[in-house]
Every structure is written in C-alpha cells, then in structure tokens.
Amino acid sequence: MASIVWFRKCLRLHDNESLVRACKLGDGVVPIFILDPHFVDTKRIGVNQFSFFLQGLTDLDQQLRKLGSQLVVLRGKPEKVFEGIFKGKHPFKAKTLLFEHDTTPYAVKRDETIEKLAKRHGIAVETFSGHTLINIKEVSGSKGFKCPTTNGMVEKMLQKVKIREPLPVPRLPKFKVKGYAMFTLKELGYKEQPKHFAKGGEREGLRNLKAVCGNKKYVRRFNKTKTSCTTGHKAGRVSTTGMSPYLSSGFVSIRTVYHAVKRVLASGSHTRAPESLLGQLYFREMFYMLAATTKNFDSAKNRYCLDVPWDKKAAFQNAWATGKTGYPFIDALMRQLKETGWIHHLGRHALACFLTRGDLWQHWTFGRDVFGKLLIDADGSLNNGNWQALAGVAPWSSQWFRIYSPVPDDKSALNVGMDGAWLKTFVPEVKNMPAKYMYCPWTAPKDVQEKAKCVIGKDYPAPIVDHAKARDANLNKFKKALSSRGSKRKAEDKSTKKSKAQGSKRKVEGKAPRATSLLKKLRMA
DNA sequence: GGATCCGTTGTAGCT
DNA sequence: AAGCTACAACGGATC
C-alpha cells in the first residue's frame, strides 16, 4: 500500500510538495504519469511543443532512477487508469493519491472525477498548490475576492501573503517495476523532426535559472519594454530569460524563480513592476487567476470580452498562419514560431495585433489556437489572456487605437533589429535587398527588386493589405463596436436602476495632455 | 458625484 | 540621440 504521486505539471523533484509529503507518509512512493489521449493530438499540439515536454518527462524519469525510483508511465483516460490502479490491477497498490492543483478547465473537471473515484475506493487524496505563487483555489473561494485585472493589483495581493521558500528534493524510498516504458514521438503520430530552441527538463531549466540569476546586473536592470524582439535565431541567445517553457510545464517551480529573483534584487537598486522581472511573474499570476475564475475565459462570451464583429476570411488566416502576408517582419515571426517553437513576447504582440485589430480583422481565437499549438511555452491561461489583450477586447488591453506598424523602424516600440540578421534567417527571400527595403521590399524600385532576386509577386508575395488603409478602416470598426457596447450598457443601466441624468460626455475640450515621462517607467527602487 | 488618474510596451515629428 | 509632445481617446478605480 503506497502513496501514488501523480505527475501532470510539476514535472520536477525540487519544490514538489506532493512528493515531499508522500515520502513523509512512509508507505512507499509510486511516481506515475498518465498519457491522456486528450493531450495526444498532433493537430492541436505541435511537434516542438510535445518534444520539449517529452524531454522533460524523460529527464524526470532519469533523475528518479538515479535516486532508486522510477516513473511509471500509464496510458489511457485518467479515470480508467485510476480505476485499474484502485482495483489492484497493477503490481503496486494505492493508499493515498497526491497531486498538485491544476486550475485550467479540463484539469478541474478531470481532477474532480478522480477525487470522487478515489474516495469511492477508500483512497485518501491530498492536493497542493504549486503552479502559481498564489493559492488560487483558496484565494478565489475567500469572501470579498476580486480578481485582479492589472499588474499593480497583483503586486498588492502578493504583498499581503508570504510565499514560502521552495522545498528541497526529498529522500525517496526505493521503487522498481517492470514495463510501463516511456512513449515516443513517432508512436504518437509525429512525423516531422522537432527543432525547438531550448531543451526540456528540470535540470536544464534550473541550469538556465542559475545562469540568468548569475548575471545580477541583467536581473536588476531588466526592463521588458526594452528587450530585443529579434533574438532567438542563434542558439541560446535571447534577450529575455527563456524561463517561460520551464514554468508552463512545471519543470521549474514558480516559487524557486520568485525567490531566486528576489535574492538578486535585494542586492541593490532595480527596475520595478510591471516592466521588471517580478512584474512578468505578476502577469502570470493575473492571467492564471482570471482564467480560473472567469466563465468561458477561452471564448468571446466571457464577461470581460468586448464583442467585436470579426471577419472570417480563410485567405487572410492562411496567409498569416503560414508566414505569407507579404510583410517580412510578420512572416519572419510566424516562420520562427513554426520552426523553433518560440518567439519574443513583443513579436507575439506584432503577430496578434496584425491578425486582429491592426490589419486582418480576424478573430483572436484563431490566432490563440495557432500559438497554443506551436509555442513550446504554450499555456492556456496566459494565451487566452494575452490574445484578448492584444485584440483590444479586454479591460487589461493596452489602448485599442495604438496599433503596431508591421513595417518597424529603429524607433518602433517593438525593438526590432534593423541590421536584418534575424530577418534574413527566417525570410531568406529578402536577404539580398538593401537594408532600407528589407522590411518593405515592395517599395524598392523594380530594378532593385530584380537585382536582389526578390521580385514582389514572384519571389515574395505583395502585402496582403495596405496597412495604412486597413488600420484606418479597423479603427473605425473598433470605435463602432465600443459605442454599441456603450449604448447597450446604458440601456441595461436604465432598465435595472435609476437612469443617469446625462449621456457620458466623450471628449473634454482643452484638456491638458497627459505627461508620459519615460523616467516614470524607469523608476528604480 | 465629478474630476482625475491609471493602464506592461504606438507613432511621427520636433528639439 | 534621447526625450518630449501631439494625435488618437476608453473604462474602471480612486479620491
């Protein structure tokens, strides 16, 4: 009669509360992983993403074996698999089942089913919070809970709770069993070779965290809005920390990252949230809380989402998703994403803005699914939250009329490298273009196009839309969607309570412009 | 209850 | 060259 530790996320030995507790119970520990058919879908999950995950799972098994244990890999729907375990159909018997909370919609349902099943079989269940800094299950159930929608709100929330230090790796009881071998990409139906830019696994993730935090100046001065968008074409050279895939999979504990960063910040002055490294963690918490507590967070029907009449145009969606829009910057980003499974956050902004409110006027859920499939750090909570932000439909969106240009220059907020080194890697069609035409090859004179072997319409597509025209038309459509919601709300107010005396005044004449000092953003503690 | 402030990250043009 | 302003102008929180 043993303690079953069910690995789902939290694919690690450090700061694994289920594992520590199981060892303490003293009944023996059986680490299991269940290959759920729900997560075997080559259409929904790309080869890079699954390969990165499989590397981490293999790393976990290898580490367990070094300590005299092993990972038991089971296959099938979790309720069926557990039924088998609880009925004694395996060479190990369950007394207690332990796992980490997962607040995402599929997991919540799955875990409720499993808990009920375990109780029916007289198996004790113990669960722990660990994928987020805040215990979302606990906090969202407490009275007066208000889900944060800004970075500052999360910062305030975190100031009120104590985040415990990560737990060390426990001493594991010996465990050996035959069979239950690891699966392969090939048997799951993946035909292409994975080519992702980072290696998966706890050891690799912790090594990366150590390297990042070893550069104290980098951590203390980190300012997200200043990091370069055009990195990642050379192995291991990215302007951000590269920690996201290790966090989405749970190869590295969020608490471990939080405390490691805090220790560095304590050594001197540093940037502040939201642009700082901690600010990035606050956004993660925010999107996890929003996703966990908002009904239909993954669709436009959720309470926050503005209803916008997006078009559905297959030609636009295909051009975007295959990197053939005729805008080299946009196409390079999409091709980098497809090839390597990773792009810089600002690149994600550019792609998302272009697909939705900026240029193509397509639904954000289409882009959400493409990112969800291709990114090695894909994370449903963050993906839905960020896509709504960039489509301009969420309260946490930046201002909707601020539209990124798909032809960046050296002043762009997207921090794009103008030397073209990154661009040429992913859009070789423009590699012989003079630098000034590289991001807008259609503006080059015909003879220049011919000389560069980049004739627009032949070697590389013409721009799918005229950005200036599309931008104007979309701004008007967006304005309309906002005002129709405004009138809907006014009508609701009237029907529910006392009517407001006057309609909302739109613009105040002669209002002083807002001072947006960069100093404010760079404030140091 | 009205004014003001705030919100991760726009762009063009000027000094 | 970096920093500022004009331009577009919303909803929600706060005082």
Side-chain angles (χ1 to χ4, degrees), chain A residues 146-156 222-229 239-240 271-287 303-306 308 329 344-354 357-359 382 385-386 388-416 467-468 471-490 492-493 497-498 500-523:
Chain A
K146 198 167 164 288
C147 197
T149 53
T150 66
N151 199 275
M153 288 165 86
V154 179
E155 187 171 38
K156 272 184 202 154
F222 186 91
N223 181 319
K224 185 64 168 285
T225 66
K226 295 275 188 289
T227 55
S228 168
C229 173
S239 63
T240 43
T271 52
R272 300 280 291 270
E275 290 91 353
S276 65
L277 265 187
L278 285 183
Q280 311 313 301
L281 303 190
Y282 301 159
F283 282 119
R284 182 175 182 275
E285 295 292 307
M286 182 178 105
F287 287 132
R303 61 183 289 248
Y304 294 107
C305 189
L306 177 72
V308 172
F329 177 51
H344 186 277
H345 189 71
L346 290 171
R348 303 179 195 196
H349 278 214
L351 278 178
C353 184
F354 188 85
R357 66 178 216 276
D359 294 83
L382 277 55
N386 275 313
Q388 285 172 80
L390 266 298
V393 294
W396 52 88
S397 298
S398 55
Q399 286 169 302
W400 57 271
F401 45 83
R402 290 184 174 173
I403 286 170
Y404 294 108
S405 170
V407 184
D409 58 25
D410 55 6
K411 285 193 186 122
S412 164
L414 295 168
N415 308 330
V416 176
H467 174 65
R471 180 183 183 280
D472 279 2
N474 292 350
L475 280 172
N476 281 327
K477 283 189 267 190
F478 209 102
K479 236 184 272 184
K480 241 187 193 165
L482 279 170
S483 65
S484 81
R485 175 179 65 174
S487 54
K488 223 196 286 176
R489 285 205 173 160
K490 251 181 270 166
E492 276 167 18
D493 286 352
K497 273 267 152 113
K498 65 230 161 196
K500 287 237 168 106
Q502 259 309 323
S504 60
K505 41 121 214 342
R506 277 289 114 93
K507 189 169 177 180
V508 183
E509 209 69 45
K511 203 171 95 175
R514 223 161 82 205
T516 49
S517 164
L518 262 175
L519 276 171
K520 236 170 160 182
K521 292 192 171 175
L522 281 166
R523 62 215 140 140

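We name chains A, B, ... by the order of the sequence lines, and we start the count at 1 in each one.
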Measure from [atom1] on [X] to [atom2] on [N] and round the result to the nearest Å.
X	N	atom1	atom2	result
A:Y304	C:dG12	OH	P	11 Å
A:E155	B:dG7	CD	P	10 Å
A:Q399	C:dA6	CD	C1'	14 Å
A:L382	B:dT8	CG	P	14 Å
A:K479	C:dA9	NZ	C1'	9 Å
A:Q388	C:dC10	CD	P	21 Å
A:L390	B:dG10	CG	P	11 Å
A:L475	B:dG10	CG	P	14 Å

With the side chain counted from C-beta on, respond yes when A:L482 and A:W400 share a heavy-atom pair under 4.5 Å apart, and no when they do not.
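Yes. Closest side-chain heavy atoms under 4.5 Å.
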
For [X], side-chain hydrogen bond (donor to acceptor under 3.5 Å, both in side chains) partners two or more places apart:
X	value
A:H349	A:H345, A:Y404
A:N386	none
A:R284	A:H131

Which nucleotides of DNA chain C pair, in dot-bracket form (Watson-Crick or G-U under 3.5 Å, | meaning another strand):
.||||||..||||||

Considering only atom [atom1], compute the distance from [N] to [M] and round it to an integer number of Å.
N	M	atom1	answer
C:dG12	B:dG1	C1'	15 Å
C:dC7	B:dC6	P	22 Å
B:dG7	C:dA9	C1'	13 Å
C:dT5	B:dC5	P	15 Å

Would a distance-only check, ignoring hydrogens and angles, find a side-chain to backbone donor-acceptor pair under 3.5 Å from [X] to [Y]?
X	Y	result
A:S239	A:S228	yes
A:S397	A:L390	no
A:N151	A:Y282	no
A:S412	A:D409	no

Does B:dT8 have its OP1 or OP2 closer than 4.0 Å to a side-chain nitrogen or oxygen of A:T225?
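So the side chain of A:T225 is outside the cut-off, no N or O lying under 4.0 Å from OP1 or OP2 of B:dT8.
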
Just the table, please: protein N/O against nucleotides 11-15 of chain B N/O, every pair under 3.5 Å.
| from | atom 1 | to | atom 2 | distance (Å) |
| --- | --- | --- | --- | --- |
| B:dT11 | OP1 | A:S405 | N | 2.5 |
| B:dT11 | OP2 | A:A413 | N | 3.2 |

Could you go over nucleotides 13-15 of chain C and give all protein N or O partners under 3.5 Å, atom names and distances?
| from | atom 1 | to | atom 2 | distance (Å) |
| --- | --- | --- | --- | --- |
| C:dA13 | OP1 | A:K146 | NZ | 3.1 |

Distance only, no hydrogens: is a donor on one side chain within 3.5 Å (strictly under) of an acceptor on the other, for A:S405 and A:H467?
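Their side chains do not contain a donor-acceptor pair, so the 3.5 Å distance test is not met.
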
Under 4.0 angstrom, heavy atoms only, what part of the nucleic acid is A:Y282 near: base, sugar-phosphate, or nothing?
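Since no nucleic acid heavy atom lies under 4.0 Å of A:Y282, the category is nothing.
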
Under 5.5 Å centre to centre and under 30° between planes: does that hold for A:W400 and the six-membered base ring of C:dC10?
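Whether judged by distance or by angle, A:W400 falls short somewhere, so it does not stack on the base of C:dC10.
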
With distance as the sole criterion, do the side chain of A:H349 and the base of B:dT8 form a donor-acceptor contact below 3.5 Å?
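Side chain to base: no pair below 3.5 Å.
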
Closest to the A:T150 side chain: B:dT8, C:dA9, B:dG10?
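Among B:dT8, C:dA9, B:dG10, the one nearest the side chain of A:T150 is B:dT8.
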
Between C:dC10, C:dA8, B:dT8, which nucleotide has the shortest distance from any of its atoms to the side chain of A:L482?
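Nearest nucleotide to the side chain: C:dC10.
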
The test is ring-ring contact (aromatic ring centres under 6.0 Å, His included); show your working for A:W396 and A:F283 and say whether it passes.
CA-CA 10 Å; A:W396 52 88; A:F283 282 119; over 10 Å; no

